[in-house]
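These values consider heavy atoms only, across backbone and side chains, with no hydrogens, waters or symmetry-generated copies.
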Amino acid sequence: MSNPLLDFSALPRFAEIVPPHVSPAVDTLLAEARATVDDITAATVEPSWENFVAPLADVLDRLDRAWGQVAHLNAVVNTPALREAYHANLPKITAFHTELAQDDRVFARYRAIADSSVFASLAPAQRRMIENTLRDFRLSGAELPADKKARFKAVDEELALSSSRYEDNVLDATNAWALYVDDAAALAGVPADVMAAARQAAEDDGKAGFKLSLRIPCYHPLMQYAEDRRLRETLYHAYGQRASEFGNPEWDNTPLIGRILELREEIATLLGYGSFADVSLIPKMARSPDEVLSFLRDLAGRAKPYAERDMAELRDFAREELGLDDLAGWDIPYASEKLRQARYSFSDEEVKQYFPEDRVLEGLFALVARLFGVTMRESRASAWHPTVRFYDVIDGSGTTVGQFYLDLYARPAKRGGAWMDNAVNRRRHGERLQHPVACLTCNFSAPVGGKPALFTHDNVTTLFHEFGHGLHLLLTRVDVPGVSGLEGVEWDAVELPSQFLENFCWEWEVLQSMTAHVDTGASLPRSLYEKVLSAKNFQSGMQMVRQLEFALFDMQLHHHFDRAKATPQQLAAAVREEVAVVPRSADDRGLTHAFSHIFAGGYAAGYYSYKWAEVLSADAYSLFEEHGVLSAATGARFRDEVLARGGSRPALESFVAFRGRLPQIDALLRHNAMSVS
């Protein structure tokens, strides 16, 4: 196997993959896939699971695994050569999947199986996979006439490339900006570890002083702690103008956003729907855009009074204690941190000292072992960077049920944010079981000055969130392609396990086992924990309306938004007027860089999913609150009814099987310290 992308015998050979491997592997796998499609559709026997669905799923699994490795590397070690190889092959991959989804021969055979007398005898997961596949065929234009099929294919290919370029532009614009500061006094208030990292970054560039960047581990603490208001303002504008008309024209995402919206509208029109939001919601739990908008506005109506109260308190504090009569956008994180310290007598920096990386991981793994009966054992695997860690997931019988990579630190060639990728999905190939493999990615500050990496409590919550996604993939017991792990799970339910796991980050019983002061080894003091807990809902109103602002913008943008009468920027301003309370600078261009979820990811007309799933996750967690947050019996029930089921049945059925009733909003409001009435 000279080409590692063509080796499926074991784990991905990430360290060996180089850009010249990509095109030959893609071409080989596409040829193999097309040949398989021709063979199974030319057969004269009646199509069945064994002679049609299984061989097609097998060949697609190989293609998806190889391309998934390329896409993942493009996100975490983005080099010019790799990006070029990725962009050269993305149209091929997109074209193949569109062709397959419009192939009348394949569509007819799936329909024949669904209409056959043996369909009822298939396993429920197999039936659901076939039903989902038929739905997806229709959403991919399989029932369109030939000329419209061709146009749909062209639109789909252009949309895939445009989305990828949006993300590339954000990464390039972020990496291109730097501010070198010679005088340490100009960075008064900035935490020591951030200063050390900035000094190291300057040294790496052959310069003296400190290098400031717009990457999150540098930007966020500077905005939160830097006493120099002009410095904060400089960073704020630079961050808010990334990938916009204010920078390099080649990286301006403004025209790209317009084109993406135009292409999505065309997809909806080709399929006969009124808007792209109508199309997006078909495979989701929510039934219509109006239902989503009603849900969001109901939450906004409940949350905005709390947000206005939060903002009024912050303005009063900033004026009276900080001398800031005009609270600008670049003052919000700084003033908020000062208010939190004044109100609760602690800072994120103080708490961070108790969360060294290894101790956090030990605590997380201990929690998962207790709740779900699996242990994490560090192992070795070929990875894309020396700092990536690798683990086996072992069940109670000593069997490896899954494995995962853990890539925690920010790097220049790595896109921002946190996410979970599936490297391998669970499948059964005859007698052999292919266990799932996940890639868990964050962008935390790396170790510096000989000390371990230290995580803020927000970092810990992010880690738990992504690990919840990972458990959804790793603990599935479904072997059927298309409904194993996260496959086939309604998009607005995907966040249920991730948001659910976040709740444990606030429990004393959990934090005791995952904290140790970096210098003394002492656990988090109960007194400091009480302060952290009391601050849990600090500015929760502001935080909730911020998410609701994004979700309302996203849904309205994709549902009957008239681009001839307004720009997306104007729509964003109108939504802010409706629900937001935090001031924004007139030159803020968040759309061009902060919306990868909807312009480069799968959340278009789906950003509401975070709040929709939070209703589910809060209500699910309330059962643990009733029976004990470390209840192994409740954990086993959550694993069996939610995590293990994947997409093999509707998410609402899985929720009801676990909770014993339909979801209720009460727990979400209570967790956010908002009245239930």
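- The CE atom of M376 sits 10.5 Å away from atom CG of D392, with the distance rounded to the nearest 0.5 Å.
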Please output the side-chain donor-acceptor pairs of residues 493-505 that fall under 3.5 Å, not counting sequence neighbours, one pair per line with the distance.
from	atom 1	to	atom 2	distance (Å)
E495	OE1	H465	NE2	3.0
E495	OE1	H469	NE2	3.1
E495	OE1	S498	OG	2.9
E495	OE2	Y603	OH	2.3
S498	OG	H465	NE2	3.4
S498	OG	H469	NE2	3.3
S498	OG	E495	O	2.9
Q499	OE1	E614	N	2.9
Q499	NE2	Y610	O	3.0
E502	OE2	H465	ND1	2.6
N503	ND2	Q499	O	3.3
N503	ND2	F500	O	2.9

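- The aromatic ring centroids of W67 and Y86 lie less than 6.0 Å from each other.
- Atom CD in E349 sits 6.0 Å away from atom OG in S347 (nearest 0.5 Å).
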Let's go through D204 and K211 carefully: what are the C-alpha distance in whole Å and the side-chain angles of both, what is the deciding distance for salt bridge (Lys or Arg N to Asp or Glu O under 4.0 Å) to 0.1 Å, and is it a yes or a no?
CA-CA 9 Å; D204 292 344; K211 179 185 179 181; over 6 Å; no
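- In summary, the side chains of D7 and S9 do present a donor paired with an acceptor at a separation below 3.5 Å, with no hydrogens or angles considered.
- R242 and T174 share a side-chain donor-acceptor pair at under 3.5 Å.
- The CD atom of E466 sits 7.5 Å away from the CG atom of L440 when rounded to the nearest 0.5 Å.
- In this structure, R389 pairs ionically with D358, as a charged nitrogen and a carboxylate oxygen lie closer than 4.0 Å.
- Annotation for E84: atom CD does not count as buried by contact number, only 12 or fewer foreign heavy atoms lying within 6.0 Å.
- Qualifying side chain to side chain contact (heavy atoms under 4.5 Å, CB included) partners for T28, counting only residues two or more places apart in sequence or in other chains: L6.
- In this structure, the side chain of S622 does not engage the main chain of E625 through any donor-acceptor pair within 3.5 Å.
- Remark: R432 CZ is packed, more than 12 non-hydrogen atoms of other residues, nucleotides or ligands lying under 6.0 Å away.
- Counted by atom type alone, T456 and N459 present one or more donor-acceptor pairs between their side chains at under 3.5 Å.
- Ion pairing between K92 and D27 holds under the 4.0 Å rule for side-chain N and carboxylate O.
- Sequence neighbours left out, the pairs with a member in residues 368-387 that pass ring pair (Phe, Tyr, Trp, His ring centres under 6.0 Å) are F14-W384, H72-W384, W384-Y405.
- In this view, R340 and E337, D348 satisfy the side-chain hydrogen bond (donor to acceptor under 3.5 Å, both in side chains) rule, not counting sequence neighbours.
- For Y391 and F365, the gap between ring centers is short of 6.0 Å.
- Side chain to side chain, D421 and T441 fail the donor-acceptor criterion of an N or O pair below 3.5 Å.
- A donor-acceptor contact under 3.5 angstrom links the side chains of Q434 and D61, judged on distance only.
- For the atom pair CG (L187) and CG (L222), the distance works out to 6.5 Å, reported to the nearest 0.5 Å.
- Salt-bridge formation is detected for the pair E487/R427: a Lys NZ or Arg NE/NH1/NH2 atom is positioned less than 4.0 Å from an Asp or Glu carboxylate oxygen.
- Formation of a donor-acceptor pair under 3.5 Å by the Q353 side chain with backbone atoms of L454 is not found in this model.
- Between H220 and Y239, the angle of the ring planes lies from 30° to 60°, which puts this pair in the tilted group.
- Side chain to side chain, R377 and Q403 fail the donor-acceptor criterion of an N or O pair below 3.5 Å.
- Both tests hold for R526 against W508: distance to the six-membered ring centre under 6.0 Å, angle to the ring axis within 45°.
- Using modelled atom types and a 3.5 Å distance limit, the side chains of H435 and T400 yield no donor-acceptor pair.
- Here ring pair (Phe, Tyr, Trp, His ring centres under 6.0 Å) pairs that include residues 406-431, with residues two or more places apart or in two chains, number zero.
- Here CG of N253 is found 4.5 Å from CG of N169. Values are rounded to the nearest 0.5 Å.
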CA sep, side-chain torsions, deciding dist, call: H593, E167, side-chain hydrogen bond (donor to acceptor under 3.5 Å, both in side chains)
CA-CA 8 Å; H593 60 82; E167 205 154 56; over 6 Å; no
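- One finds a salt bridge joining D172 and R83 here, because a Lys/Arg side-chain nitrogen approaches an Asp/Glu carboxylate oxygen to under 4.0 Å.
- Salt bridge annotation for R645-D640: absent, with no cationic side-chain nitrogen under 4.0 angstrom from a carboxylate oxygen.
- Residues satisfying the side chain to side chain contact (heavy atoms under 4.5 Å, CB included) criterion with R370, sequence neighbours excluded, are L630.
- Counting only distance, with no hydrogens or angles, the side chain of D395 and the backbone of V374 share no donor-acceptor pair below 3.5 Å.
- For the atom pair CG of L367 and CG of L511, the computed distance is 10.0 Å after rounding to the nearest 0.5 Å.
- Remark: K207 qualifies as a cation-pi partner of Y180 under the 6.0 Å distance and 45° angle criteria applied to the six-membered ring.
- Remark: side-chain polar atoms of S609 are paired, donor with acceptor, to backbone N or O of G606 under 3.5 angstrom.
- Between D479 and R426, at least one side-chain N (NZ, or NE/NH1/NH2) sits under 4.0 Å from a carboxylate O, which counts as a salt bridge.
- Atom CZ of R546 is surrounded by 12 or fewer heavy atoms from other residues, nucleotides or ligands within 6.0 Å.
- The pair D168-R415 does not meet the salt-bridge criterion, since no charged nitrogen lies less than 4.0 angstrom from a carboxylate oxygen.
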